[in-house]
Structures are given as structure tokens and as C-alpha cells.
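Just below is one structure, and these are the notes that go with it.
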Amino acid sequence: MKTAKKYFQEHGFLVLNNVYPKEQIKSISQKVIIDIQKCADELNCPIEDYLAGVSRWLNPSPVTESIDEFVQTSLKQIAGNFIKEDVKLSKFNIISKSAYASGPVPCHQDIAYSKEAPYEFSIWLPLDDVSLKEGVLELLPNSHLGKIEPAIDFWQPDFIDTMYLSSYWQQNFVSLPVQVGDAIVFDSRIWHRSAANTSGRNRFSLVTRWSRVDYIPTCKIPDKIPANFGMWTCGALTESILKQGLRHCFQLNITTDLENYIQLWQEKLAEEKQLPFFIEMGQTQKALRSLWILHKSAQMHNGGDAQGIVYPNVWRHFLNPLSAWLSKS
Ligand SMILES: O=C(O)CCC(=O)C(=O)O
């Protein structure tokens, strides 16, 4: 019979059933929910709005603080026992796929995003039961043995998940429904995604990244290819367009930070004056509010956007028409 490690090395993933008692994981889940609620309160916003803008908390964060010790001790032991060598932790996150940000995480290979500090494998621990409807993890078996492609920039507003649409993916992917207490181990080179959450229920997971202590990647990791407006460029570009817009629309010639530019635009839009370009006001206000929440949460809670929803929405509803007008004026 194949050992777990051998199966993992051949196929690039493995489901470990019942590694923890359900009650233990449920108590972790309850702490996480309480801490997320505290973060939302701190920003003075309803939990629905907070979870619409923020769907990832990278340790150290107020959301991960209560589980740091569990990861560093108990989960570390599980990781080491599984791979049968000493392991080191690279990082860990809580990821949410809530009723308010329920989209898929497109197909990607994790290692492509961490060329500077590559890690070997992830242990993905569901904090809620995950059926096919709760944003299930999907993987392409054996794809860890192929080439590493440049990191997929799924924050581009016109992004299309070509891997997901390919007949190769459609014919070969596997879905991995799991229960609280189970864990999924997957190689950092394997192609994977998480599906949309269509259940209407929130789903949280604890996602931890590990390597054997002497791990040195043998694969070639290509450089990132930054898009005009995408994951690695959208922050600076948003700041610059918002600033130029305030100057040209309202003769407001100030140099400040992103938070202030967002707030100034929110105030101007609330005045309901006619703008020299067309926007759908409700969508724009919603998009700017989510951007403000994401931005504040990034500063205060190490929060992020796992699905790439917030910046593309700001682009579609506001920055695109604004920058088109700016380039003509
Ligand atoms: O938890 C999720 O929804 C996505 C996880 C993922 O893609 C990853 O950990 O690389």
C-alpha cells in the first residue's frame, strides 16, 4: 500500500480525513468569526460590508492571532508527520468565501506568486463543511510535474480564466468536498482553484504554507508579468487617477494618500453634482466603499481580497470612465 507521502508526491495532493476532532476546529472557527466581527466594528461597518471587501487575513493579523499557537505547534506536527521530515512554516491566512464575496478563486499555481520566498506545500483546513456548493477546492491531478507558468493576474478587469475553460481542465479536474476536521494537502506547483460559493452560507478556511527545512525548489519560477491595471499595479494607478480626477473635475489640487482621495471622491459624489462623464452612481459609491474598507483593513488587519473583486469593480464603475474623460480633457 502506498504511503500518504508517496501518493502526495505522485499526484500533487492528498485529502487527510478526520485529522482533528470537529469540536476543536469549530471552536477555532468561532474565535475567527468573533475576531472578524471586531475588525468590522473597528471600521464602523456592518459585517456584510466588511466581508464584501475583505476575504483574506494574512498572519500577523487580529483575525489569526488566536490560532497562531495552534498552527505553530499542532499543525506543524501534522505537516512534519505527513512528509516524514522537519518542516518550517512560511505563512498562513484565513480565507473567506462568504455570502457577500462568493466568487471563485481562478485557476493558479501558488509557487508562481512567491518566486522570492517559495514554499513547498499547503495544508488547507476547512473551518466549515465544504460540499460542492460552498466554494469547494478543485485541483488538476499531476499538474505539479509540469511547467510553472507566470503568476495569473486575475485582478485584471477583463480577466478570463482560460485554464478553467480549457477542455483539459474540464476533463481532468477533481473536486474535493471536505468536512470540518479534514485537511487537504497540496503541492505549491499544482494547478488549482476554488469554485464559487452558491450556498448562501459563509465558508472560512485556514490556509497554511510549509516546506521541508532543506527545501530548494528544482523548478524554474518565471517572473511576474504586471498588467496595466492588475494585482501588482492597481494600488498606485488608482491613487494617481483619483488624484488627477479631483484636480480636473473640481480644481482640487492636493497631494495626500489613497484613503484621503477615496474619501474626497465619496464626499464629492454625495453632493450629487453633475459630473462631466457618465457613471452609474449607486455602483460607483458601492465600489468606492468596498475599496475604502479593503484599504483600511489592509493597514489595520493585514486584510486582502482573495477573489480579486474590489479593484476590478472600482475600475469598471469609476476609474475607466474617469480616465477616459481625463485623457480627452
Ligand atoms: O481557500 C480558497 O478559496 C482558495 C485557496 C487557494 O487557492 C490557495 O490556497 O492557494
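Note that these values count all heavy atoms, side chains included, but never hydrogens, waters or copies made by symmetry.
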*Indicate, with yes or no, if the rings of Y119 and Y113 have centres closer together than 6.0 Å.*
no
*State whether the side chain of N197 and the backbone N or O of R201 hold a donor-acceptor pair below 3.5 Å, judged by distance alone.*
yes
*Look up atom CD1 in I293 and atom NE2 in H295, then write down how far apart they are to the nearest 0.5 Å.*
12.5 Å
*asked:* Could you check whether atom CD of Q77 has more than 12 heavy atoms from other residues, nucleotides or ligands sitting under 6.0 Å from it?
replied: no
*asked:* Quick check: is I47 connected to V63 through a chain of hydrophobic side chains (ILVMFWY, heavy atoms under 4.5 Å apart)?
replied: yes
_Counting C-beta onward and ignoring hydrogens, is there a side-chain heavy-atom pair between I67 and I94 closer than 4.5 Å?_
yes
*Quick check: does any side chain N or O of W265 sit under 3.5 Å from a backbone N or O of L242, one acting as donor and the other as acceptor?*
yes
*Q307 side chain to A101 main-chain N or O, any donor-acceptor pair under 3.5 Å?*
yes
*Quick one: does L125's side chain get under 4.5 Å of F70's, heavy atoms only?*
yes
*Just by modelled atom types, is the L326 backbone N or O under 3.5 Å from a matching donor or acceptor in the S329 side chain?*
yes
*Determine, step by step, whether L237 and Y311 satisfy the side chain to side chain contact (heavy atoms under 4.5 Å, CB included) criterion, reporting the C-alpha distance in whole Å, the side-chain angles of both residues, the deciding distance to 0.1 Å, and the verdict.*
CA-CA 11 Å; L237 203 56; Y311 274 94; over 6 Å; no
*Between P104 and P106, which heavy-atom pair has the shortest distance, and what is it?*
O-CD, 3.6 Å
*Could you tell me the separation between the CG atom of L16 and the CG atom of N81, rounded to the nearest 0.5 Å?*
10.5 Å
*Taking all atoms of both residues into account, what is the closest heavy-atom pair of M231 and I152, and its distance?*
CE-O, 3.9 Å
*List the atom of K147, the atom of Q109, and the distance in Å for their closest heavy-atom pair.*
O-NE2, 3.2 Å
_Can you confirm whether the side chains of S194 and K97 place a donor and an acceptor under 3.5 Å from each other?_
yes
*When the ring centroid of F173 is compared with that of Y164, is the distance short of 6.0 Å?*
no
*Just jot down the salt bridge (charged side-chain N to carboxylate O under 4.0 Å, His left out) partners of K76, sequence neighbours excluded, or say none.*
none
*K220 versus I148: any side-chain heavy-atom pair under 4.5 Å?*
no
_Quick check on I160: does its CD1 atom have over 12 non-hydrogen neighbours (other residues, nucleotides or ligands) under 6.0 Å away?_
no
*Would L258 end up clustered with L252 when hydrophobic side chains under 4.5 Å apart are linked, directly or stepwise?*
yes
_We want to know whether T238 and Y261 form a side-chain donor-acceptor pair, criterion being a heavy-atom distance below 3.5 angstrom._
no
*Test log, rule side chain to side chain contact (heavy atoms under 4.5 Å, CB included), inputs F250 and L264*: CA-CA 11 Å; F250 309 108; L264 286 166; over 6 Å; no
_Sidechain N-carboxylate O distance under 4.0 Å for R212, D214_ = no
_With heavy-atom distances below 4.5 Å as the criterion, would you say the side chains of F159 and D161 are in contact?_
yes
*Are side-chain heavy atoms of S143 and L145 found at a separation under 4.5 Å?*
no
*Can you find a heavy atom in the side chain of T3 that is under 4.5 Å from one in the side chain of F8?*
no
*Please indicate whether Y168 has more than 12 foreign heavy atoms, meaning atoms of other residues, nucleotides or ligands, lying under 6.0 Å from its OH.*
no
*Partners of K115 by salt bridge (charged side-chain N to carboxylate O under 4.0 Å, His left out), sequence neighbours excluded?*
D223
*Would F121 and Y215 satisfy ring pair (Phe, Tyr, Trp, His ring centres under 6.0 Å), going step by step from the backbone distance to the final call?*
CA-CA 11 Å; F121 62 94; Y215 166 69; 8.9 Å; no
*Write out all pairs satisfying side-chain hydrogen bond (donor to acceptor under 3.5 Å, both in side chains) with one or both partners inside residues 28-54, taking only residues at least two apart or from two chains.*
Q37-D41, E42-H301, D49-R289, Y50-W57, Y50-S297, Y50-H301
_Would you say W232 ends up clustered with F154 if hydrophobic residues are merged whenever their side chains have heavy atoms under 4.5 Å apart, either directly or through other cluster members?_
yes
*Could you give the distance from CG (L127) to CG (N202), rounded to the nearest 0.5 Å?*
12.0 Å
*Parallel, tilted or perpendicular: ring planes of F13 versus Y7, cut at 30 and 60 degrees*: perpendicular
*Expected output: side-chain R316 to main-chain P157 donor-acceptor under 3.5 Å*: yes
*asked:* For a quick check under 3.5 Å, do R56 and N93 share a side-chain donor-acceptor pair by atom type?
replied: yes
_Distance (rounded to the nearest 0.5 Å) between L246 CG and I254 CD1_ = 6.5 Å
*Which heavy atom in P118 sits nearest to a heavy atom in S211, and how many Å separate them?*
O-OG, 4.2 Å
_With a 6.0 Å cut-off (strictly less than), is the heavy-atom count around CG of L165, excluding the residue itself, greater than 12?_
yes
*Hey, are E134 and S131 close enough side-chain-wise for a donor-acceptor pair under 3.5 Å?*
yes
*asked:* Which residues pass the salt bridge (charged side-chain N to carboxylate O under 4.0 Å, His left out) test with D128, not counting sequence neighbours?
replied: none
_With a 4.5 Å cut-off on side-chain heavy atoms, are D182 and V19 touching?_
no
*Counting only heavy atoms not in N17, do more than 12 sit closer than 6.0 Å to its CG atom?*
yes
_Residue Q24 excluded, over 12 heavy atoms near CD under 6.0 Å_ = yes
*Would you confirm whether the ring centroid of F229 sits within less than 6.0 angstrom of the ring centroid of W155?*
no
*When you measure from the side chain of K133 to the backbone N and O of T198, does any donor-acceptor pair fall under 3.5 Å?*
no
*asked:* Test of understanding: clusters of I, L, V, M, F, W, Y form through side-chain heavy atoms closer than 4.5 Å, transitively. Do I225 and I111 belong to the same one?
replied: no
*State the CH2-CD distance between W210 and E120, to the nearest 0.5 angstrom.*
12.5 Å
*What residues, two or more places apart in sequence or in another chain, satisfy salt bridge (charged side-chain N to carboxylate O under 4.0 Å, His left out) together with E10?*
K2, K6
_Atom CD of E69: over 12 foreign heavy atoms under 6.0 Å_ = no
_Whether the side chain of N59 engages the backbone of F92 through a donor-acceptor N/O pair (distance < 3.5 Å, no angle test) should be reported._
no
*Within the distance-only criterion (no hydrogens, no angle test), does the side chain of Q156 pair as donor or acceptor with the backbone N or O of D153 below 3.5 angstrom?*
yes
*Report yes or no: does K22 contribute a side-chain atom to a donor-acceptor pair with the main-chain N or O of G181 at less than 3.5 Å?*
no
*Calculate, to the nearest 0.5 Å, the distance between atoms CD and CZ belonging to Q283 and F318 respectively.*
14.0 Å
*For K88, does the NZ atom sit with more than 12 other heavy atoms under 6.0 Å from it, leaving out its own atoms?*
yes
*Is it true that a side-chain atom of S55 and a backbone atom of A306 form a donor plus acceptor pair closer than 3.5 Å?*
yes
*So do T208 and L206 actually touch side chain to side chain, heavy atoms under 4.5 Å?*
yes
_If the condition is side-chain hydrogen bond (donor to acceptor under 3.5 Å, both in side chains), which residues does H192 pass it with, not counting sequence neighbours?_
H108, D110
*Kindly work out whether a path of hydrophobic side-chain contacts (I/L/V/M/F/W/Y, heavy atoms less than 4.5 Å apart) joins V105 to V54.*
yes
